[in-house]
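Questions regarding the structure given below will be posed in turn.
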Amino acid sequence: MNILVVLEDNQGSLHRLSREAVAGAQKLGGSVTALAIGKNAGSLASELSSYELEEILTVEHDLLSSYSADGYSEVVTQVIQSKSPKTIVVGHTYQTRDFMPRVSAKLDIPFIPDIISLSDEGFVKQVLNAKLNASVSSESDQMILSFQSAAFNDEEMITGSSTITTFDVELDVSSVRSTSEEPFQEAAGDVDLENAELLVSVGRGIEKEENVHLAFDLAEVIGAEVSASRPVVDSGWVDSFRQVGSSGHNVAPKLYFSLGVSGAIQHVVGMKGSKNIIAINKDPEAPIFELSDYAIVGDVLEIVPKLIEALKN
Amino acid sequence: MKIAVLVKQVPGSESVLPINEGQSWINEDPVTFVMNPPDNFALEEALLIKERKGEGEVVVVSMGPNRVQKVIREGLAKGGDRGIHIEEDEPIETDPLLIAKRFAAVLKDENFDLVLTGLQSDDTGMGQTGVLLGEILGMPTATLAIETDIQGESIRLKRELESGWFQWVQFPLPASVSIQSGLNTPRYPSLKGIMGAKKKEIKTVLGSELDASSRSQSIDKVFVSQTSKQTEVIDGDVDVAVQRIAEILRSEIKVV
Ligand SMILES: Cc1cc2nc3c(=O)[nH]c(=O)nc-3n(C[C@H](O)[C@H](O)[C@H](O)COP(=O)(O)OP(=O)(O)OC[C@H]3O[C@@H](n4cnc5c(N)ncnc54)[C@H](O)[C@@H]3O)c2cc1C
């Protein structure tokens with residue numbers, strides 16, 4: 001085995017980023033083995049049974065009935081020790097951020113996270129608040145990689161066959177130190193962001209809470225809902241149910257009109273499916289412009305009031 | 001309750017970021033540095049935990065060249081009790097494992113009950129240090145904590161999961177926890193705090209003397225990413241831009 005892909009259980013089915021990770025691992029080349037952990041391991045494995053994989057390992061254990069960083073990192077460590085893969089691949093998700101660094105430290109294997117693409121020079125990730133890209137490499141014999149959303153396309157997974165094998169782990173009660181309660185969702189707001197046809201999205205470029213009304217005014221004129229980037233929500237300027245991005249909503253409206261949003265990857269993953277993207281940003285190099293149909297270089301505080309007037313006439 | 005908070009100094013979000021001559025990183029000379037914003041939330045959480053308990057010590061720890069003493073002082077001005085500076089002139093910030101080993105070498109003899117970190121740094125964004133450190137120090141770990149509650153010898157945390165889900169987890173102290181941004185409102189230092197910080201101790205240790213492991217990963221090149229989509233760029237005169245946007249909304253996307 002050359003590559004081990006560690007799969008993630010997303011409420012009973014395979015996490016989308018795990019499928020993309022399999023596609024990415026197949027692109028890297030060599031034989032690929034997948035690992036499914038926990039009480040749904042069997043069904044996760046069967047979701048992959050018609051793809052080209054050397055083997056799908058399943059691990060089940062009483063101590064793995066719910067996720068824990070201790071339990072999962074111990075399982076992955078034991079599998080790596082027994083199978084010696086050169087590369088370990090996961091999706092860049094909240095769960096892998098939580099336990100893969102433990103595997104990295106246990107086995108002294110470097111972990112290159114948040115990869116958006118492959119280049120001749122190495123693995124590409126965003127740095128400096130998404131203002132630049134960097135290529136990262138490692139000389140180590142083994143490495144761990146995590147692929148950001150949409151780094152690879154799961155439709156490009158190579159079909160074929162594989163066998164499902166149980167892998168036995170040794171875990172004792174003392175190795176899992178945490179107890180976790182059932183996951184829950186907080187009360188949602190009264191706005192259905194995910195089904196909104198038009199969105200005006202406000203970012204930190206709006207500068208002050210007093211200016212946020214500009215987004216609401218513009219939204220009213222064109223009949224849109226208002227969404228926001230995370231810092232705007234964190235500052236308390238806009239309700240959290242309006243947040244778009246990896247820790248907020250996934251939206252794909254007919255129009256996404258962003259005001260002072262930089263276009264960091266965690267924001268972009270939540271809105272890149274939008275049909276038309278208009279962005280106003282005073283920085284001509286803002287990453288949001290890369291995916292915009294219309295890139296307006298300028299000051300939102302100057303443009304938006306005039307635009308509202310122009311649209312009213 | 002003895003708490004270590006790891007703070008990093010990073011380029012501010014408004015700073016210029018010129019790529020250096022070898023394209024290996026940015027030229028730091030004209031850069032304005034600030035405390036990594038996520039770490040500011042971790043620092044605030046440490047101060048709040050200490051205040052709620054009514055006792056304890058908050059130690060502000062940073063790694064990097066001499067300039068990082070500024071963010072340690074800032075932490076002390078906000079209420080940190082003392083600082084530790086791991087001096088590191090070679091840029092090793094691209095290597096999370098080596099960073100964690102050096103932090104661990106300094107922290108292990110201090111017997112902290114809790115190590116807090118921000119969720120990731122605004123510069124390299126590796127997002128691993130707190131978890132690596134926890135593993136090396138034999139502590140349980142959690143990431144993306146948005147509420148903390150110390151219960152005797154253990155800590156209970158509300159963790160953020162994806163897509164608006166949350167979960168409570170609990171484990172014994174000592175532990176290493178990385179904090180999600182936005183869970184509290186970081187304070188500003190008071191004048192008294194700023195004056196007092198000047199007298200507080202900052203211990204300096206040399207990174208290279210802590211752990212001699214070789215580097216395991218590196219950033220080789222930085223570059224501006226290339227546009228892939230057909231984009232109409234509208235810049236220049238504001239009134240012309242406004243007319244064009246109005247036309248796009250009316251005739252091209254047809255939303256008004
Ligand atoms: C685990 C994790 C999860 C995250 N989840 C999310 C998420 O769900 N959603 C999310 O949005 N972010 C999320 N983030 C944060 C994300 O990384 C970015 O920090 C965030 O998206 C940036 O928000 P912003 O674009 O509003 O602010 P900034 O990055 O500060 O950008 C502000 C922009 O406004 C421009 N600007 C400033 N003033 C003006 C003006 N007067 N006129 C025009 N333009 C102006 C600037 O040029 C800049 O491009 C997450 C981060 C992490 C690490």
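In what follows, every chain begins at residue 1, and chains take the letters A, B, ... in the order their sequences are listed. For the numbers below, each heavy atom of this structure counts, side chains included, while hydrogens, waters and symmetry mates do not.
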* Residue part contacting chain B, namely of Glu139(A), when any heavy atom lies under 4.5 Å ->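 Only the backbone of Glu139(A) comes within 4.5 Å of chain B.
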* **Side chain Ser176(B), main chain Val131(B), donor-acceptor under 3.5 Å** =>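 No, the answer is negative, given that no donor and acceptor are paired below the 3.5 Å cut-off.
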* **Contact class of Gln23(B) relative to chain A, heavy atoms under 4.5 angstrom** => neither
* **Atom group of Val238(B) that falls short of 4.5 Å from chain A, counting heavy atoms** => side chain
* Count the heavy-atom pairs under 4.5 Å between each of Pro11(B), Gly182(B), Ala100(B), Ser216(B) and chain A, then report the option with the highest count. =>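 Heavy-atom pair counts peak at Ser216(B).
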* Residue part contacting chain B, namely of Phe111(A), when any heavy atom lies under 4.5 Å ->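 Interface part for Phe111(A): both.
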* Which region of Gln142(A), side chain (C-beta onward) or backbone (N, CA, C, O), has a non-hydrogen atom less than 4.5 Å from a non-hydrogen atom of chain B, or is it both or neither? -> neither
* Options Leu255(A), Thr179(A), Val136(A), Val127(A), ranked by heavy-atom pairs under 4.5 Å with chain B, top entry -> Thr179(A)
* **Choice from Lys125(A), Glu182(A), Glu285(A) maximising heavy atom contacts with chain B below 4.5 Å** =>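 Among Lys125(A), Glu182(A), Glu285(A), the one with the most close pairs to chain B is Lys125(A).
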* Structure fact -> Ranked by heavy-atom pairs below 4.5 Å to chain A, first place among Ile19(B), Leu133(B), Val222(B) goes to Val222(B)
* Asked: Quick one: what part of Ile112(A) sits under 4.5 Å from any heavy atom of chain B, side chain, backbone, both or neither?
  -> both
* Has the side chain of Arg102(B) got a donor or acceptor atom that lies under 3.5 Å from a matching backbone atom of Asp211(B)? ->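 Checking the backbone N and O of Asp211(B) against the side chain of Arg102(B), a donor-acceptor pair under 3.5 Å is found.
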* **Which portion of Ser246(A) sits near chain B, non-hydrogen atoms under 4.5 angstrom** =>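 The backbone, not the side chain.
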* Asked: Between the side chain of Lys254(A) and the main-chain N/O of Lys275(A), is any donor-acceptor distance below 3.5 Å?
  -> no
* Contacts with chain A made by residues 35-43 of chain B (heavy-atom distance under 4.5 Å), listed by residue number -> none
* Sub-3.5 Å donor-acceptor pair from the side chain of His249(A) to the main-chain atoms of Val251(A), do we have one? ->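 Not confirmed, His249(A) side chain does not pair with Val251(A) backbone.
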* Structure fact -> Honestly, the part of Ile109(A) sitting under 4.5 Å from a heavy atom of chain B is backbone
* Can you tell which part of Asp293(A) gets under 4.5 Å to a heavy atom of chain B, answering side chain, backbone, both or neither? =>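 For Asp293(A), the contact with chain B is made by backbone and side chain together.
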* Looking only at side chains, do Glu8(A) and Thr93(A) share a donor and an acceptor under 3.5 Å apart? ->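 Yes, because at least one side-chain N or O of Glu8(A) sits under 3.5 Å from a partner of the opposite role on Thr93(A).
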* **Donor-acceptor under 3.5 Å (Thr231(B) side chain, Ser292(A) main chain)** => yes
* **Segment of Ser235(A) engaging chain B (4.5 angstrom heavy-atom cut-off)** => neither
* Mark yes or no for whether Asp299(A), through its side chain, and Leu301(A), through its backbone, hold a donor-acceptor pair below 3.5 Å. => yes
* Salt bridge Lys8(B)-Asp123(B), side-chain N to carboxylate O under 4.0 Å ->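 Salt bridge flag = yes for Asp123(B) with Lys8(B).
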* To do: Side chain from CB out, backbone as N, CA, C, O: work out which of these in Val304(A) comes under 4.5 Å of a heavy atom of chain B, or both, or neither.
  => neither
* Can any side-chain N or O of Ser262(A) pair as donor or acceptor with the backbone N or O of Ala286(A) at less than 3.5 Å? -> no
* With a 4.5 Å cut-off on heavy-atom pairs, point out which of Leu17(B), Val224(B), Ile248(B), Ile136(B) contacts chain A the most. =>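 It is Ile248(B).
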* For Leu249(B), is it the side chain, the backbone, both, or neither that has a heavy atom closer than 4.5 Å to a heavy atom of chain A? ->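 The side chain, not the backbone.
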* **chain A contact via Leu157(B) - which portion, at a heavy-atom distance below 4.5 Å** =>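 No part of Leu157(B) comes within 4.5 Å of chain A.
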* Decide yes or no for Phe171(B) and Met139(B): does some side-chain heavy atom of the first lie under 4.5 Å from some side-chain heavy atom of the second? =>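 Side chain of Phe171(B) against side chain of Met139(B), heavy atoms only: no contact under 4.5 Å found.
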* **Charged N-O contact under 4.0 Å between Arg177(A) and Asp70(A)** =>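 A salt bridge links Arg177(A) with Asp70(A).
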* To do: For the pair Asp220(B) and Ser135(A), evaluate side-chain hydrogen bond (donor to acceptor under 3.5 Å, both in side chains) and give the outcome as yes or no after the intermediate values.
  => CA-CA 6 Å; Asp220(B) 308 312; Ser135(A) 57; 4.8 Å; no
* Looking just at side-chain N and O atoms, do Glu160(B) and Tyr94(A) make a donor-acceptor pair shorter than 3.5 Å? -> yes
* Measure Asn10(A) against the heavy atoms of chain B and call it side chain, backbone, both or neither at under 4.5 Å. =>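 Contact with chain B involves no heavy atom of Asn10(A) at all.
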* Region of Leu97(B) that comes under 4.5 Å of a non-hydrogen atom in chain A ->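 Answer is side chain: those atoms of Leu97(B) sit under 4.5 Å from chain A.
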* To do: State, without any angle test, whether Ser175(A) and Glu74(A) hold a side-chain donor-acceptor pair at a distance under 3.5 Å.
  => no
* Asked: Are a donor atom and an acceptor atom from the side chains of Arg16(A) and Ser149(A) found within less than 3.5 Å of each other?
  -> yes
* Asked: When heavy-atom pairs shorter than 4.5 Å are enumerated against chain B, which of Val297(A), Ile278(A), Asn133(A) gives the highest number?
  ->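 Heavy-atom pair counts peak at Asn133(A).
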* Under a 4.5 Å heavy-atom cut-off, does chain B meet the side chain of Ala69(A), its backbone, both or neither? ->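 Looking at Ala69(A), just its side chain touches chain B.
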* Under 3.5 Å, is there a donor-acceptor pair between the side chain of Arg159(B) and the main chain of Thr143(B)? ->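 Checking the backbone N and O of Thr143(B) against the side chain of Arg159(B), a donor-acceptor pair under 3.5 Å is found.
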* Structure fact -> In terms of heavy-atom pairs under 4.5 Å with chain B, the winner among Gln126(A), Arg102(A), Glu181(A) is Arg102(A)
* Asked: Got a donor-acceptor contact below 3.5 angstrom from the Lys131(A) side chain to the Ser13(B) backbone?
  ->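 Here the side-chain-to-backbone pair exists.
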* To do: May I ask you to check whether Gln151(B) and Asp149(B) show a side-chain donor-acceptor distance below 3.5 Å?
  => yes
* What part of Leu161(B) lies closer than 4.5 angstrom to a heavy atom of chain A: side chain, backbone, both or neither? -> both
* Which of the residues Ala246(B), Gly236(B), Ser218(B) is involved in the greatest number of heavy-atom pairs with chain A at under 4.5 angstrom? -> Ser218(B)
* **Leu183(B) versus chain A, the contacting section by heavy-atom distance below 4.5 Å** => neither
* Asked: Is there a donor-acceptor pair under 3.5 Å between the side chain of Thr96(A) and the backbone N or O of Met100(A)?
  ->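 Looks like no, no N/O pair under 3.5 Å.
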* Asked: Measuring heavy-atom distances to chain B, does Asp141(A) have an atom under 4.5 Å in its side chain, in its backbone, in both, or in neither?
  ->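 Nothing of Asp141(A), per the 4.5 Å heavy-atom cut-off to chain B.
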* Against chain B, work out which of Asp234(A), Asp98(A), Ile303(A), Val221(A) has the most heavy-atom pairs shorter than 4.5 Å and name it. =>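 It is Asp98(A).
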* Asked: Salt-bridged, Glu252(B) to Arg244(B), with N to O below 4.0 Å?
  ->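 Looking at Arg244(B) together with Glu252(B), the answer is yes, because their closest N to O distance falls below 4.0 Å.
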* Is it the side chain or the backbone of Ile253(B) that comes within 4.5 Å of chain A heavy atoms, both, or neither? -> both
* Structure fact -> Max heavy-atom pairs within cutoff under 4.5 Å with chain B, candidates Ser178(A), Ser138(A), Ser119(A), Pro183(A), goes to Pro183(A)
